Number of protein chains: 2
Amino acid sequence: MRIGEAAAAAALTPRAVRYYEQQGLLEARRTPSGHREYGLSDIRRLRTLRELLEAGLTIADVRSFAHVLDPAPAEGAAAVPPADGAPESCEVRDVSLRRLADLEDRIDALTQLRDRLAAGIADRFGEAFDPAP
Amino acid sequence: MRIGEAAAAAALTPRAVRYYEQQGLLEARRTPSGHREYGLSDIRRLRTLRELLEAGLTIADVRSFAHVLDPAPAEGAAAVPPADGAPESCEVRDVSLRRLADLEDRIDALTQLRDRLAAGIADRFGEAFDPAP
DNA sequence: CTTGAACTTGACGTGGGCGTCAAGTTCTAC
DNA sequence: GTAGAACTTGACGCCCACGTCAAGTTCAAG
């Protein structure tokens, strides 16, 4: 499957897909002639990227989450080659935790707005709203 | 309180505050000489705006939520003057509901990412993480 | 083999959210 | 009154996430 079809399948444009690749959010196999080739896993990835960007994340945000979007390299193999002592691992961990905290702050802010919006709607148009189950 | 102090109190710049006003997110009283005057409620408003924009909303998003950010005009007075029949009220309601749905989609996307990120961290660095209480 | 659609890289254009400089006015302190 | 900080509007600049055009290559159909 080439870029046009893949982009359509993920509700994107070829331009956006190439841009994501250029930004390191994606890698694509190439045919001998140079055309990009995509599979089903790529489409899932593209859809995830679209959702996250539509949700307000930046390319840089998503890039910093990239390792989480990968299929997670099975439990058997060593997740991180123990070639390094610990500092790099710790730093990655710390960055990940900060990112997680940022994300939770964002979710909290949006959730508070959601509640205020729902309350405002209820005030103006009646109380008949499900308080989000 | 003028714009410099107000901006600082909301962790913004005067430039951003003027821009928000120009975009219709805010109104400011003026001194006879033309300087903008702000009060505590304005600062709360500015802080809310900053949080929402940092959370990834656009100016247009926030503008469409503007009526919810207002102090909600007391229960006593008619919320919406019944001068109109219903169509305008219905449209406002529908737009609000669509916005609410959009917001919930965003929250869902971010929450799913949060879960994946937390799972990824747990996989790589150990299981000792609180699953967000 | 030809034609047209789809693909390639490269470069320029665009809108949003400001930063920043410009030129002038007003406030505050001495 | 006068210096300097803070304010005003206006205009240009910048980065991001692409859109869009350009010029050339490759693929699929007839």
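Predicted, not measured: the structure shown is a model, and the values here were computed from it. For the numbers below, each heavy atom of this structure counts, side chains included, while hydrogens, waters and symmetry mates do not. So that the names make sense, note that chain A is the first sequence line, chain B the second, and so on, each numbered from 1.
A search for side chain to side chain donor-acceptor pair (under 3.5 Å) contacts involving A:T13 returns nothing, not counting sequence neighbours. Contacts of B:D115 classified as salt bridge (charged side-chain N to carboxylate O under 4.0 Å, His left out), with partners at least two apart in sequence or in another chain: none. In this structure, A:R18 has no salt bridge (charged side-chain N to carboxylate O under 4.0 Å, His left out) partners at least two apart in sequence or on a different chain. With sequence neighbours left out, B:S41 forms a side chain to side chain donor-acceptor pair (under 3.5 Å) with no residue at all. By the side chain to side chain donor-acceptor pair (under 3.5 Å) test, B:R2 pairs with B:H35, sequence neighbours left out. Qualifying side chain to side chain donor-acceptor pair (under 3.5 Å) partners for A:S64, counting only residues two or more places apart in sequence or in other chains: A:R99.
Taking 4.0 angstrom as the limit, B:R30 places a side-chain polar atom (N or O) nearer than this to OP1 or OP2 of D:dT9. One finds a side-chain N or O of B:R36 lying less than 4.0 angstrom from the OP1 or OP2 phosphate oxygen of D:dT8.
Atom CG of A:L46 is separated from atom P of D:dA17 by 16 Å (rounded to the nearest Å). The distance from atom CD of B:E21 to atom P of D:dC7 is 14 Å, rounded to the nearest whole Å. We find that CD1 of A:I3 is positioned 14 Å from C1' of D:dG19, with the value rounded to whole Å. In this structure, A:E5 atom CD and D:dA28 atom C1' are separated by 14 Å, rounded to whole Å. A:L52 places its CG atom 12 Å from the P atom of D:dC18, with the value rounded to the nearest Å. For the pair A:R18 CZ and C:dT8 P, the interatomic distance rounds to 5 Å; values are reported in whole Å. Residue A:E37 contributes atom CD, which lies 13 Å from atom C1' of C:dA6 at whole-angstrom precision.
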Could you pull out the protein-nucleic contacts involving nucleotides 27-30 of chain C (nitrogen or oxygen on both sides, under 3.5 Å)?
from: C:dC27; atom 1: OP1; to: B:S33; atom 2: OG; distance (Å): 2.8

Would you list the protein and nucleotides 1-4 of chain D atom pairs, both N or O, that sit under 3.5 Å from each other?
none

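Through ILVMFWY side-chain contacts below 4.5 Å, A:L40 is grouped with nothing and stands alone.
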Summarise protein proximity over nucleotides 10-19 of chain C in one line of letters, 5' to 3': B for base, S for sugar-phosphate only, - for none, counting protein heavy atoms closer than 4.0 Å.
-B-----BBB
Going by atom type alone, with no hydrogens or angles, which donor-acceptor pairs under 3.5 Å involve a side-chain atom of residues 50-60 of chain B and a protein atom two or more places apart or on another chain?
from: B:R50; atom 1: NE; to: B:A10; atom 2: O; distance (Å): 2.7
from: B:T58; atom 1: OG1; to: B:A60; atom 2: N; distance (Å): 3.4
from: B:T58; atom 1: OG1; to: B:D61; atom 2: N; distance (Å): 3.0
from: B:T58; atom 1: OG1; to: B:D61; atom 2: OD2; distance (Å): 3.2

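The structure places CG of B:L12 at 6.0 Å from CG of B:L46, a figure rounded to the nearest 0.5 Å.
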Go through B:L26 and B:Y38 one step at a time and tell me if the side chain to side chain contact (heavy atoms under 4.5 Å, CB included) criterion holds.
CA-CA 11 Å; B:L26 201 68; B:Y38 299 91; 4.1 Å; yes
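Listed by first and then second residue, the salt bridge (charged side-chain N to carboxylate O under 4.0 Å, His left out) pairs involving residues 31-43 of chain A are A:E21-A:R36 (not counting sequence neighbours).
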